[in-house]
Amino acid sequence: MLEEEGGKGMGFNFRKSIKLGGGVRLNLSKRGVGVSAGFKGFRVGVGPRGTRVTAGIPGTGLSYSKSLTGSRKRRVAEQRRRELATLQREQYKMAELERARFEVELFGNLLEVITSVHKDCSEPYDWNQIKTSSPPFKEGEPGPNEQVAKTKLDQFKPTWRDRLFGRVEIRKKVFLEEIDQAKAEDKRLLEEWQSLVSFAGKVLNGEKTAYLQVIEQFAPFDEIEELGSSVKVTFINLKCLEASVDVQSHEVIPSEVKSLTKTGKLSIREMPKTKFNELYQDYVCSCVIRVARELFALLPVEQVIVNALGEVLNTKTGHTEEGPILSVAFQRETLEKLNFDDIDCSDSMANFPHNMKFKKVKGFELIEKISPIEYGKR
């Protein structure tokens with residue numbers, strides 16, 4: 001028997017059903033062929049759109065329909081969403097661990113930098129060698145640039161095109177202009193040599209302006225000043241200089257310790273006071289050694305007195321005060337014998353006359369500067 005049924009729901013639905021018996025129907029529609037089974041008020045159908053369950057109360061017009069195929073797709077999508085969310089969390093975790101390793105490596109590098117300032121130094125300048133150096137060429141004779149330019153002119157051979165188009169004299173004029181330029185360059189070379197020899201003589205004579213000019217031109221303390229400490233040099237006499245280093249512990253020494261946990265996460269905790277003080281002492285001593293090395297490398301002095309200035313808590317007033325916390329009289333001969341890669345900067349102060357009051361728990365205390373009269377004027 002053929003039966004036509006009107007479907008309820010949104011829009012208009014038309015289909016033809018063929019009853020196959022036992023509550024089973026063959027459904028024909030424009031979308032294709034489907035099969036449904038069940039009884040009045042409940043049916044399960046399989047068709048082009050998938051599997052759908054329909055339930056209702058006969059005679060009331062109330063019904064409920066749910067696509068089982070859609071639910072399965074949503075379950076697959078939900079499972080995929082959970083997988084992607086898990087992958088995202090893993091990526092975040094890996095990025096977090098990588099950031100933690102980077103933070104700890106950066107912290108370790110900072111500690112290495114602030115305790116190894118003394119290891120680098122400018123190349124030594126031999127002012128005696130400069131003073132006795134030979135000129136780039138003898139005055140009154142052709143210089144090296146002029147000789148090259150004249151050789152080009154002597155080796156010039158006009159081509160047939162030069163002769164044909166009358167370019168011989170023009171080409172020679174160009175060479176002559178190059179010779180004039182070469183002479184000017186040679187003159188500049190000779191004047192620079194003369195100026196440098198003259199300046200070397202002033203340095204060797206211990207002229208104050210020459211000393212200060214060397215320090216200004218070479219800027220040997222830029223690296224220290226990048227860390228936050230500033231250096232000021234005072235001329236004492238021919239063989240002695242005095243330098244002051246304003247060390248800023250609160251800008252240089254970290255107040256926290258960074259490390260990795262067993263699981264690779266970043267651990268940040270407050271730096272113990274004793275550890276902070278030890279790092280501060282090593283940094284101060286490293287800086288004063290570096291200042292002395294730079295001055296010995298650039299100038300022909302025999303003694304350098306370096307005073308480190310810092311902030312110290314006055315327990316009587318409860319306020320911090322700035323003043324000298326380390327004063328060292330470096331002798332060239334003694335300093336140059338040290339192995340700078342392996343020394344403990346704080347311990348190395350024992351090699352030189354110095355004033356320093358330091359305790360691991362309290363840190364630095366203010367001291368008296370070493371007098372340049374005692375060590376600088378002999």
Side-chain angles (χ1 to χ4, degrees), residues 5-17 20 22-58 60-116 226-228 249-276 279:
E5 294 185 354
K8 293 184 174 68
M10 298 297 294
F12 175 76
N13 184 28
F14 175 80
R15 71 182 180 214
K16 292 182 179 180
S17 296
L20 301 178
V24 179
R25 295 176 181 175
L26 180 65
N27 303 313
L28 304 175
S29 67
K30 292 181 179 180
R31 294 182 177 274
V33 180
V35 177
S36 66
F39 49 86
K40 193 172 183 179
F42 180 84
R43 298 196 70 80
V44 177
V46 179
R49 294 185 176 183
T51 303
R52 177 176 291 275
V53 176
T54 303
I57 302 175
T60 64
L62 300 175
S63 66
Y64 170 78
S65 180
K66 183 178 181 180
S67 174
L68 298 182
T69 302
S71 298
R72 180 174 61 82
K73 289 182 177 179
R74 285 194 294 273
R75 287 195 297 271
V76 172
E78 180 64 23
Q79 181 180 358
R80 180 56 178 165
R81 187 193 67 79
R82 289 194 294 267
E83 291 175 352
L84 292 174
T86 300
L87 179 61
Q88 186 180 48
R89 287 194 296 270
E90 289 296 325
Q91 289 177 337
Y92 284 154
K93 183 179 179 181
M94 292 301 296
E96 182 181 357
L97 295 178
E98 187 64 29
R99 285 195 298 269
R101 287 193 292 268
F102 176 76
E103 287 284 340
V104 173
E105 183 178 354
L106 194 63
F107 173 76
N109 177 258
L110 174 61
L111 298 187
E112 173 66 22
V113 168
I114 63 180
T115 57
S116 61
E226 285 179 1
L227 290 174
S249 63
H250 59 283
E251 296 181 3
V252 180
I253 311 301
S255 59
E256 297 175 330
V257 177
K258 295 182 180 181
S259 60
L260 294 177
T261 65
K262 292 182 179 180
T263 58
K265 293 184 177 180
L266 179 63
S267 171
I268 302 177
R269 64 183 188 279
E270 184 179 357
M271 181 175 289
K273 188 65 176 177
T274 54
K275 178 63 175 178
F276 179 90
L279 283 174

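Just so it is clear, the structure is predicted and the values come from calculations on it, not from any experiment.
- Rounded to the nearest 0.5 angstrom, Leu279 CG and Ile114 CD1 are separated by 5.0 Å.
- With rounding to the nearest 0.5 Å, the separation of CD in Glu105 from CG in Asn109 is 7.5 Å.
- Considering NZ of Lys273 and CZ of Phe276, their distance stands at 6.0 Å, rounded to 0.5 Å.
- With sequence neighbours left out, Arg99 forms a side chain to side chain donor-acceptor pair (under 3.5 Å) with no residue at all.
- Residues Leu111 and Thr115 come closest through the heavy atom pair O-OG1, 2.8 Å.
- Across Lys258 and Ile268, no two heavy atoms sit closer than the pair CG-CG1, 4.1 Å.
- Using a 4.5 Å heavy-atom threshold, the side chains of Ser267 and Val104 count as separate.
- For the residue pair Gly264 and Ala100, the shortest heavy atom distance occurs at O-CB, 3.6 Å.
- Remark: Lys93 does not engage Glu96 in a salt bridge, criterion side-chain N to carboxylate O under 4.0 Å.
- Annotation for Glu270: atom CD does not count as buried by contact number, only 12 or fewer foreign heavy atoms lying within 6.0 Å.
- A distance of 8.5 Å separates CG in Leu260 from CG in Leu97, rounded to the nearest 0.5 Å.
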